[in-house]
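As structure tokens, the structure follows; a few thoughts come after it.
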Amino acid sequence: MKRLDRNFFIRDVLEVAPELLGKILVIKKDGKIERYMITEVEAYRGEEDLACHASKGKTRRNEVMYDIGGKIYVYLIYGMYWMLNFVTGEKDKPQAALIRSIEGFDGPGKLTKHLKIDKSFYGEDLTTSKRIWVEENINKNNFEIMSLPRVGIDYAGEYWKNVPWRFLLKK
DNA sequence: AGCAAGATCGGT
DNA sequence: CCGATCTTGCTG
């Protein structure tokens with residue numbers, strides 16, 4: 001039941017993203033605390049990553065990615081679905097881990113709908129927030145991890161499209 | 001001011 | 001495969 005602190009999130013996204021697998025996402029919803037194991041994550045890393053929203057520089061939408069690791073980046077896609085991301089790394093190194101699945105809810109749009117995550121979570125700090133944070137998993141430590149190319153980024157070109165930065169738990 | 005596209009999803 | 005749905009970022 002130990003909350004992950006700044007030191008966890010301030011590292012490179014390629015270290016943080018796979019380590020998020022098996023950790024527990026805790027959220028206060030309608031006054032009740034709920035816990036879900038994280039089962040699938042994708043890494044978006046720096047302005048050079050053509051699939052990353054920071055590839056076109058800092059904008060009002062993505063500016064929180066340039067903040068210190070531990071913040072939340074949420075944005076609306078296709079006019080309907082909120083995407084939940086954890087900012088990682090040092091300040092001014094734009095990176096984030098997209099939470100794609102939690103136990104029971106496969107799909108980034110489906111999990112935010114269930115958790116009632118929206119624009120109001122933008123910029124929230126996972127290390128201090130009273131309504132959302134991440135905890136160690138006290139039951140399990142050893143997970144088998146698989147990595148695959150990221151989903152839905154055909155526009156990013158051959159190289160970035162195929163980099164295996166999607167991490168999921170092997171069943 | 002106008003427009004094209006999007007880190008998705010559910011139904012044909 | 002296709003449409004829903006609307007914010008964003010780019011162009012002019």
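Below, all heavy atoms of this structure are taken into account, side chains as well, without hydrogens, waters or symmetry copies. Letters A, B, ... are given to chains in the order of the sequence lines, protein chains preceding strands, and every chain is numbered from 1. Treat the numbers as computed from the prediction; the structure is a model and nothing was measured.
Between the NZ atom of Lys119(A) and the P atom of dC6(C) there is a distance of 15 Å, given to the nearest Å. Atom P of nucleotide dT7(C) and atom CD1 of Ile77(A) are separated by 13 Å, given to the nearest angstrom. Atom OH in Tyr155(A) sits about 14 Å away from atom P in dC10(C), given to the nearest Å. Note: CE (Met80(A)) to P (dT5(C)) measures 6 Å, nearest angstrom. In this structure, Lys56(A) places its NZ atom 10 Å from C1' of dT8(C), rounding to the nearest Å. Atom CG in Leu76(A) sits roughly 15 Å away from atom C1' in dG9(C) (whole-Å rounding). Between the OH atom of Tyr81(A) and the P atom of dG6(B) there is a distance of 17 Å, rounded to whole Å. Distance, Arg61(A) CZ to dC6(C) P: 17 Å, rounded to whole Å.
Among the protein residues, Leu98(A) comes within range of the nucleic acid bases, having at least one heavy atom under 4.0 Å from a base atom. Using a 4.0 Å heavy-atom criterion, one finds that Arg150(A) contacts no nucleic acid atom at all. Counting non-hydrogen atoms under 4.0 angstrom, Gly109(A) reaches the backbone sugars and phosphates but no base. Nucleic acid contact class of Met83(A) (heavy atoms, under 4.0 Å, all strands): sugar-phosphate only.
One hydrophobic cluster holds both Phe86(A) and Tyr122(A) under the rule that ILVMFWY side chains link at heavy-atom gaps under 4.5 Å. In the hydrophobic clustering of this structure, Ile99(A) groups with Tyr81(A); members are Ile, Leu, Val, Met, Phe, Trp, Tyr whose side-chain heavy atoms approach within less than 4.5 Å, directly or through other members.
Remark: Glu144(A) CD is loosely packed, at most 12 non-hydrogen atoms of other residues, nucleotides or ligands lying under 6.0 Å away.
Here Tyr78(A) does not lie in a stacked arrangement on the base of dA4(C), lacking the combination of planes under 30° and ring centres under 5.5 Å apart.
At distances below 3.5 Å, not a single donor-acceptor pair connects side-chain atoms of Asp106(A) with backbone N or O atoms of Ser101(A).
Between Arg60(A) and dT7(C) there is no side-chain N or O to OP1 or OP2 distance below 4.0 Å. The shortest distance between the side-chain N/O atoms of Lys113(A) and the OP1/OP2 oxygens of dT8(B) is not below 4.0 Å.
For dT5(C) and dG2(B), the P atoms lie 22 Å apart once the distance is rounded to whole Å.
Note: His53(A) and Tyr73(A) have perpendicular aromatic rings, judged against thresholds of 30 and 60 degrees for the angle between ring planes.
Here dA7(B) sits opposite no nucleotide as a Watson-Crick or G-U wobble pair (both hydrogen-bonding atom distances under 3.5 Å).
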